[in-house]
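Hydrogens, waters and symmetry mates play no part in the numbers below; they use all other heavy atoms, side chains included. Counting starts at 1 for both ligands and their atoms, following the listed order.
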Amino acid sequence: MSSPVTKTSSSDQFESFVVTAPAKLILFGEHSVVYGKTAIAASIGLRIKLELRPNVEEDRICIDFSDIGVQKSWTCKEVRHGVFLYKPQSDSAEDGQAFQKAILKFLQSEGNTSDKLQLRSLVCFFYLLGTISENAIPLKAKVESKIPIGAGLGSSAALSVCLATGLLRIAGKCEPDKKEVCRLAHLSERILHGPLASGLDNNVSTFGGVIAFCSGTLTSRGPLPKLKLLLVNSHVERTTKSLLEFVRSQRRDSPTVVDAIMAAMDAVSKSCLVILEEMRQSGISNNHHRQLGNLIDYNQSLLESLKVSHPSLQEIIEIARQHGLHGKLTGAGGGGFAVILVPPDVDGETVAEVRKRLDAANFSSWEIELDPEGVLVNKEETV
Ligand code: PMV
C-alpha cells in the first residue's frame, strides 16, 4: 500500500480534449491466438469516444457513460482513499488483482452498482486512473460508443485504449506513446477478460489497420485491402472470459487434438497473410475472394470443432451460404457477431436479399468498411 496522496493543485488543470478508438474485427485466428498462433484482425469504422474535461466547478470526478446507464461522481478525496491508496507497486498479476479488489470494494461500498457491465467499465476507469495518474484530479469523463458492447467487437479494449490515451495525456501533458497506451490497455483487458486475454483487441484499437498478431506481439501491419463485409449481430449474449475458459478446459482434456486444431487455424491465418500480400501487390481479384471464402469456411469449421459456435451463428452462416457467400463467427463466439465476406462481383440486390432474410430471422446487419485509423486525439468529427 502506498502513502496517501496529496490534494489537487492548480497545475493539475488541463485543456479539454476528445479521444476516439476503433472497434476491431477478427478475420481469422480467434482462440488459437491465445495459444501463440497467428490471428488477423482489422479496425472497423465503429468508434468509441471519450471526452475529458477539467471539473472547474467542484472537486469531483464525474463519469457519464449513459450508453450503459452510468452517470456517477465521487469527490477526489473519496477516490484518493478508495483507489489511490491501493495503487499497484508493479505490473505483476498479484498487484493488479489486489488493486482490482480494492477498486471493487470501493465501488460496492458506495452501493454504486451491481450491474456487471457498469461495474466492469468503472473498474476499468479507476484501474487505469490509479495506474497512470499520481493523484485524483477533478475531471469529467464522458463516453459515447458506436460499438455494440460486449459482443466481440472489442468495445472494452477500445474503451481502455481511449482511457489510457486520455489519462496519459493529462498526466504527461503531451501526446502519449502508442506502445505505452497499448501496454496499459492490455493490463486493463486482463482485468476484464482474465489472464488469457491475448492483447489482440488493444493492439488493433491502438494502431489500427489490418494486423497480424502472434504470441502477444503485433507481427505485421499493412494498408487496408478494400474488403466489403457484412457484420451480423446474433443478439446472443456471451462472455469472452467463459469461452476462453471453456476452450482451455478442452485443451486440458485433449491436448493433442486441440493443439492440432489450433495448428490448422494458424495455417488458415498464414494463408490469409499470403493472399493479403498478393492483393496489395497485384490488386484485388475474384480469385482472391474465392480463396478468402474457402479460408473463412475452414476457420468456421475449426471453431465449430472447438464448440464455440452457436445455433444462431450457424443460422446466419447458412443464410449467407444459400446466397453463395461465406461467413464465420468473429470474436470469442458463443453468440455475438458473425462476419460475411461480400466479393466485388456480388450485386447489391443479393446483399439486400441476404440482409432482408437476416432481418426476418431477427438478426441485425451492417455493411461495413475497414478503418485505417487507430486511436485518435481531438477528432470529434470521426464519431
Ligand atoms: O472478446 P472477443 O469476443 O472479441 O474475443 C476475443 C478473441 C479471443 O481470441 C477469443 C480472445 C483473445 O484474447 O484473443
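The G152 neighbourhood of ligand 1 comprises atoms 2 (P), 3 (O), 4 (O), with distances under 4.0 Å to a heavy atom of that residue. With ligand atoms numbered from 1 in the order given, ligand 1 contributes 4 (O) to contacts under 4.0 Å with heavy atoms of D201.
Summarising the local packing, CD of E349 is surrounded by 12 or fewer heavy atoms from other residues, nucleotides or ligands at distances under 6.0 Å.
Atom 11 (C) of ligand 1 has its nearest heavy-atom neighbour, among L25, L244, V33, in L244. Comparing E30, K24, R238 against atom 3 (O) of ligand 1, the shortest heavy-atom distance belongs to R238. The heavy atom nearest to atom 14 (O) of ligand 1, out of those in S198, A41, G29, is found in S198.
Taking 4.5 Å as the limit, some side-chain heavy atom of L329 sits within range of a side-chain heavy atom of E30.
Residue, atom and distance of the protein heavy atom nearest to atom 7 (C) of ligand 1 are I26 CD1, 3.5 Å. Ranking the protein heavy atoms by distance from atom 5 (O) of ligand 1 puts A332 N, 3.2 Å first. The protein heavy atom nearest to atom 9 (O) of ligand 1 is H31 N, 3.0 Å. Summary of contacts: the protein heavy atom closest to atom 1 (O) of ligand 1 is T240 OG1, 2.6 Å.
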**OP:** Before giving the answer on side chain to side chain donor-acceptor pair (under 3.5 Å), spell out for D297 and H326 the whole-Å C-alpha distance, their side-chain angles and the decisive distance to 0.1 Å.
**Re:** CA-CA 7 Å; D297 293 346; H326 300 262; 2.8 Å; yes
Original post:
Stepwise, does the side-chain contact (heavy atoms from CB on, under 4.5 Å) test hold for V161 with V181?
Top reply: CA-CA 6 Å; V161 167; V181 167; 4.0 Å; yes
**OP:** Begin from the C-alpha positions of M265 and L306 and carry the test side-chain contact (heavy atoms from CB on, under 4.5 Å) through to its verdict.
**Re:** CA-CA 11 Å; M265 288 175 165; L306 288 178; 3.6 Å; yes
**OP:** May I have the step-by-step check of side chain to side chain donor-acceptor pair (under 3.5 Å) for D266 and T38, ending in yes or no?
**Re:** CA-CA 5 Å; D266 195 47; T38 302; 3.3 Å; yes
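Under 4.0 Å from ligand 1, not a single heavy atom of T330 appears.
Below 30°, between 30° and 60°, or above 60°: for F126 and W74 the angle between ring planes is above 60°, a perpendicular geometry.
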